[in-house]
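To start, the structure under review is shown below, and the notes come after it.
Below, chains carry the letters A, B, ... as their sequence lines are ordered, and counting in each starts from 1. For the numbers below, each heavy atom of this structure counts, side chains included, while hydrogens, waters and symmetry mates do not. The model shown is predicted, which means the values in this text are computed figures rather than measured ones.
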2 protein chains.
Amino acid sequence: MLDQIRPADISEFPCPIRDVLDRIGDQWSFLVLIGLEPGVRRFSQLEREIGDISKQMLSKTLRRLEQDGFVAREVHAEVPPRVEYRLTALGRSFLGPMRELIRWAEVNHGAIVAARRQKGAG
Amino acid sequence: MLDQIRPADISEFPCPIRDVLDRIGDQWSFLVLIGLEPGVRRFSQLEREIGDISKQMLSKTLRRLEQDGFVAREVHAEVPPRVEYRLTALGRSFLGPMRELIRWAEVNHGAIVAARRQKGAG
DNA sequence: CCGCATCCCTGGAGATACTG
DNA sequence: CAGTATCTCCAGGGATGCGG
């Protein structure tokens, strides 16, 4: 069972789950995907909506998501420039399982906090 | 919508989703949870099964998972010592949504790799 | 066997300033 | 507006050794 999860220096792109987790597990990818869920967004729009992300990280995150096929980027040749981001089909399909996780988190967060308190306090 | 996701320095334990993601998003928590899925495991057993985890990280990860209520730790006063880890009900319930994510990853990993190749190579 | 302490190194991420 | 480049800082995590 764990064999499937193994890191694998073996092949180019190792265990699917690790690979995916490494992407959305980072600080920002998940937030950006959620930010794009309602529809098309511009760069600064995302920046504002997410709030505490730096331009650099937003840029890097979007690039990676684009490269992995979660997000599509569209540049409009205007002045001032306008760049729009939207979820691809792949990106949208990913939000399915993510919503399950969100549901779980909302329901069980209390239990986690309680457990933390208990161990933390004594 | 994003308000719910916000970091929140405001309260002690902020957005549930961020909080949960921060935990299982780290390098190892997920692997350890999977390793415990089949049942009770000893420390070195987990170490071997996961393969490329250091003792330190296994220890830290288990502690955090224990503190958050995902994992129960049981020490047997023997020589040599024996320590057993198992999932709690909370931990097991978490594997539900996780399996969804795993499913998705298995199904869509190919598309991700393909996207990467396309952008990377051309 | 379990697992913490120490040392060390790497890369992730913020701040800032600059370009098209 | 939409980024990129540079500097910097520090937490994450590996390796190793010691203690219970």
How many whole angstroms separate atom CZ of A:R23 from atom P of C:dG12? 10 Å
Between D:dT4, D:dG13, C:dG3, which nucleotide has the shortest distance from any of its atoms to the side chain of A:R63? D:dT4
Counting only side-chain heavy atoms from C-beta out, which of D:dG13, D:dG3, C:dG3 sits nearest to B:M57? D:dG13
Find the distance between CZ (A:R103) and CD1 (B:I17) and round it off to the nearest 0.5 Å. 10.5 Å
B:Y85 has its side chain closest, among D:dG3, C:dG3, D:dC1, to C:dG3
Rounded distance (Å) that lies between atom C1' of D:dA15 and atom NZ of B:K60: 13 Å
Under 3.5 Å, is there a donor on one side chain and an acceptor on the other for A:R41 and A:Y85? no
Nucleotide D:dG12, atom P - distance to CG of A:D26 in whole Å: 15 Å
From B:E84 CD over to B:H76 NE2, what is the distance, rounded to the nearest 0.5 angstrom? 3.5 Å
The side chain of B:R42 is closest to which nucleotide in this list: C:dC1, C:dG3, D:dT4? C:dC1
Would one find a side-chain N or O of A:S54 under 4.0 angstrom from OP1 or OP2 of C:dG14? yes
Output for pair (B:I24 CD1, B:L65 CG), nearest 0.5 Å, gives 10.5 Å
Where do B:D52 and B:I50 land on the side chain to side chain contact (heavy atoms under 4.5 Å, CB included) test, with the steps shown first? CA-CA 6 Å; B:D52 60 337; B:I50 297 178; 4.1 Å; yes
I want to verify a distance call: between C:dC1, C:dG3, D:dG14, whose nearest atom is closest to the B:W28 side chain? D:dG14
Rounded to whole Å, please give me the gap between CD1 in A:I53 and C1' in C:dG14. 11 Å
Using atom NZ of B:K55 as one end and atom P of C:dC7 as the other, report the distance to the nearest whole Å. 18 Å
Out of C:dA13, C:dC4, D:dG13, which has the shortest distance to the side chain of B:Q27? D:dG13
Output the distance between atom CZ (A:F94) and atom OG1 (A:T88), rounded to the nearest 0.5 Å. 11.5 Å
Distance, rounded to the nearest Å, where B:L58 contributes CG and C:dC4 contributes P: 10 Å
Within residues 72-82 of chain A, find the residues that approach DNA chain C with a heavy atom at under 4.0 Å, and present them sorted by residue number. A:P81
Gap between atoms CG and P, on B:D52 and D:dG14 respectively (whole Å): 8 Å
Residue B:Q56, side-chain atoms from C-beta onward, closest of D:dA15, C:dA15, C:dC4: D:dA15
For atom CG of A:L31 and atom C1' of C:dG12, their distance in whole Å: 16 Å
